[in-house]
Amino acid sequence: MLEELEVAAEVEVEESVVTEDQEEITVNREEDDHEQMTITRKHEIKWRHRPFTTIIDTSFQNHLIYDRHPMSPYKYFKQYVPDVLFDLMSDSTNIYAMQSGTLGFKPTSSGEIRTLIGLHLAMGVMKMPRVSMYWEAGMDIGIFRNTMCRDRFFQLRSHLHLFNNLERPAENNDVFYKVRPLYDAMHRRCLELPLEENLCVDEQMVPFRGSLSVEQYVKGKPHPWGVKMYFLCGKSGMTYDFLLHQGATMEVSEQFKTQLGLGAGVVYHLSQRITEADHKLYFDNYFTTYNLLELLAEKKIHAAGTARVCRFASPPLQSDKVMAKMPRGTVSSDGKVALVKSFDSRSVVMASNFVGVGTMDEVQRWDKKQGTFLKVSRPEVIKLYNEAMGGVDLLNQLVSLYRTEIRSRKWTLRMITHAFDLAVVNSWLEYRLDAKRANLQTKDTLDLLHFKMNVAQCLVSVHKPVAAKRGRPNQDARPLPEVQYDMVDHMPNYDEKTEATRCKRPYCTGKTHVFCDKCNIHLCFVCSCDVMDLKLR
């Protein structure tokens, strides 16, 4: 028999009065206000089977009305990366070049740094196996060849800095102090955004293989090696808060880490961003603990996540072996925190402070033995979790689509380019939300690719004088000389278009259906338009 989402037990801590053995912790919020909260010790948690009463009034009301007409992509981007950052980058880059004693380094400007960043964003869209190929004559990519020469690009990138190394504080504990101004600017903008109802906390890996004390390996990730970041995201993928993982020196309060553990402490730290009641917050078993759910319930934050049974004081749940043999059925309970264990292809334990089994619905599951789909029951907590938990994964997917690939062992370059990629993605999500509220049609809304390219072109061109072109005048694309003059198989062909195409011979105003089968260009079918004599404008 197929064991599909067979809920065996949902258990809950019984209501009890706070005793002297329970600890009281004082939480210092960022606004410097103090709040007394209590947590239950593990040995005081008592589990019993009884129906869990779902919190009925979980309707969300967002009083922050955020309605505006869509702006240009560059204006959205500037909200995350203001102009003052480019001034800081140009000054720090010049100082570093002077400190390193680089010969022949011409001082840069904020406009040139904008161009450098714009070209990096364009590289994420037009991916080439080698960076130098963007400047090759055969590629003829104007945004690169007409804005900055290749050697200057590499020189600026190797000296790019956001911080004067000589100004590092004596007692600095921040691993990422060299890129902190950029991430602080992005963080300030993220804190201004109105929150969605459904939120989630998860981790993200910034791909990096080099020398960095906080570099980690996380098995199962698309990029297992790199720098870990924690994100508070909405269901749409919008970033509302984040933390850079740096071990003991992370911004999480020592009280949070001591009382709740690192994972739960991260979630509780990020939950300080949630000021309105009745938000729903989801996270996975790396973060879930009983005390975390307990504290979030006191803040009127409805939370749920997958759970590790060892963190929940040995609840009386059925073993997987017993559940596989049991008929379908549920046993539920009532209290502050509910545990639901269900069995699909394998068992999963869910913990929640606002819903348990709830209203069951039916889903289809494939049965290999019978070769057909079966309808099985699913607890409400699993349904809500599956619908809202993918926000950080969606953010990771959007960043990876047009990620700025950079092969460097300098962690600062990797973190800088990743920050700009994040800024573009969050800017696009803001733009798409505004476009939806303005009832713009889908065909009139930019996708992420064109949005990012638009930002790159603005960084390269906005507020800059037209530079004189270096080298030979740029010519239109044409067949390679080796092909044009090889005198092999240049045969005329006739297209099937309704309208004739303009002849590509210079100064010819005629139109024709005849084209060279090898060069794939249209020419009038006369002697003077021989392909071998072609000179394009």
Side-chain angles (χ1 to χ4, degrees), residues 73-74 76-83 85-90 92-94 96-97 108-136 139 141-163 176 178-179 181-183 185-186 206-210 223 226-227 396 398-428 448-464 467:
Y74 187 53
Y76 284 101
F77 179 78
K78 288 179 66 176
Q79 295 179 116
Y80 293 88
V81 188
D83 292 337
L85 271 180
F86 293 106
D87 297 333
L88 176 62
M89 294 174 72
S90 63
S92 301
T93 300
N94 290 331
Y96 177 74
T108 186
S109 63
S110 60
E112 196 173 28
I113 294 297
R114 285 190 182 90
T115 300
L116 178 70
I117 300 303
L119 295 181
H120 275 93
L121 293 181
M123 287 178 180
V125 177
M126 299 179 280
K127 297 183 183 296
M128 293 285 183
R130 295 179 182 175
V131 178
S132 59
M133 293 182 67
Y134 292 98
W135 282 268
E136 290 185 0
M139 298 300 176
I141 305 177
I143 192 174
F144 290 90
R145 300 191 67 189
N146 300 332
T147 55
M148 182 181 292
C149 66
R150 180 193 60 193
D151 293 344
R152 180 62 170 172
F153 174 88
F154 284 116
Q155 187 184 51
L156 285 178
R157 189 169 78 167
S158 63
H159 292 82
L160 187 62
H161 267 63
L162 272 160
F163 190 85
F176 300 101
K178 289 187 176 182
V179 296
L182 177 57
Y183 280 88
M186 292 178 51
V206 182
F208 176 71
R209 290 301 304 269
H223 298 280
V227 179
N396 295 341
L398 294 175
V399 171
S400 65
L401 287 177
Y402 310 108
R403 187 193 303 276
T404 303
E405 302 292 347
I406 184 168
R407 296 181 181 180
S408 174
R409 300 186 69 85
K410 289 186 176 182
W411 66 269
T412 52
L413 287 179
R414 177 69 273 175
M415 295 302 295
I416 289 173
T417 55
H418 184 75
F420 284 112
D421 289 338
L422 283 176
V424 170
V425 169
N426 233 41
S427 300
W428 177 72
L448 180 57
L449 185 147
H450 290 92
F451 186 94
K452 188 168 188 175
M453 201 62 205
N454 190 304
V455 172
Q457 291 172 342
C458 288
L459 286 171
V460 168
S461 305
V462 171
H463 304 310
K464 295 184 179 69

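- Put simply, the side chain of Lys127 gets close to the backbone of Gly124: a donor and an acceptor are under 3.5 Å apart.
- Between Phe176 and Trp411, the ring centre distance stays below 6.0 Å.
- In this structure, Met128 and Ile141 have side chains that are in contact, with non-hydrogen atoms separated by less than 4.5 Å.
- The side-chain heavy atoms of Phe420 and Leu182, taken from C-beta on, include a pair separated by under 4.5 Å.
- Checking side-chain atoms of Thr417 against main-chain N and O of Arg414 turns up a donor-acceptor pair under 3.5 Å.
- Counting heavy atoms from C-beta outward, Met126 and Ile143 have side chains that approach closer than 4.5 Å.
- Between His223 and Ser400, every side-chain heavy-atom pair lies at or beyond the 4.5 Å cut-off.
- With contacts defined as side-chain heavy-atom distances shorter than 4.5 Å, the pair Val460/Met148 does not qualify.
- Between Ser132 and Arg150, some side-chain heavy-atom pair lies under the 4.5 Å cut-off.
- When each of Leu401, Val425, Val424 is paired with Lys452, the side chain to side chain contact (heavy atoms under 4.5 Å, CB included) condition holds for Val424 and for no other.
- Within 6.0 Å of CZ in Arg152 there are more than 12 heavy atoms belonging to other residues, nucleotides or ligands.
- Note that the CE atom of Met89 and the CD1 atom of Ile416 stand 5.0 Å from one another [nearest 0.5 Å].
- Thr412 meets the side-chain contact (heavy atoms from CB on, under 4.5 Å) test with Lys178, Val179, Lys410; sequence neighbours excluded.
- What you find for Trp135 and Cys149 is that their closest heavy atoms are NE1-C, 3.7 Å.
- Interatomic distance, CD of Glu112 versus OG1 of Thr147, reported as 10.0 Å (0.5 Å rounding).
- In this structure, Tyr183 has its ring center at least 6.0 angstrom away from the ring center of His418.
- Distance check: Ser90 OG to Leu162 CG gives 10.5 Å after rounding to the nearest 0.5 Å.
- Minimum heavy-atom separation, Tyr402 to Val125: CD2-CA, 4.3 Å.
- With values rounded to the nearest 0.5 angstrom, Phe86 atom CZ is found 12.0 Å from Thr108 atom OG1.
- Side-chain contact check for Asp421 versus Leu121: some heavy-atom pair is nearer than 4.5 Å.
- Note: Tyr96 and His161 have parallel aromatic rings, judged against thresholds of 30 and 60 degrees for the angle between ring planes.
- Counting all heavy atoms, side chain and backbone alike, Phe163 lies closest to Ser92 at N-OG, 3.5 Å.
- Nearest heavy-atom pair, Ala185 versus Leu85, reported as atom, atom and distance to 0.1 Å: CB-CD1, 3.6 Å.
- Pairing each heavy atom of Ala456 with each of Ala122, the nearest pair is CB-N, 3.9 Å.
- Counting heavy atoms from C-beta on, the side chains of Leu160 and Ile113 come closer than 4.5 Å.
- Shown here for Val131 and Met123, the closest heavy-atom pair between the two residues is CG1-CE, 3.6 Å.
- Here the CZ atom belonging to Phe153 is positioned 8.5 Å from the OH atom belonging to Tyr134, to the nearest 0.5 angstrom.
- The structure places CZ of Arg403 at 11.0 Å from CG of Leu398, a figure rounded to the nearest 0.5 Å.
- Asn454 contributes no side-chain N or O that, together with a main-chain N or O of Tyr74, makes up a donor-acceptor pair within less than 3.5 Å.
- In terms of modelled atom types and a separation under 3.5 Å, the side chain of Ser158 and the main chain of Gln155 share a donor-acceptor contact.
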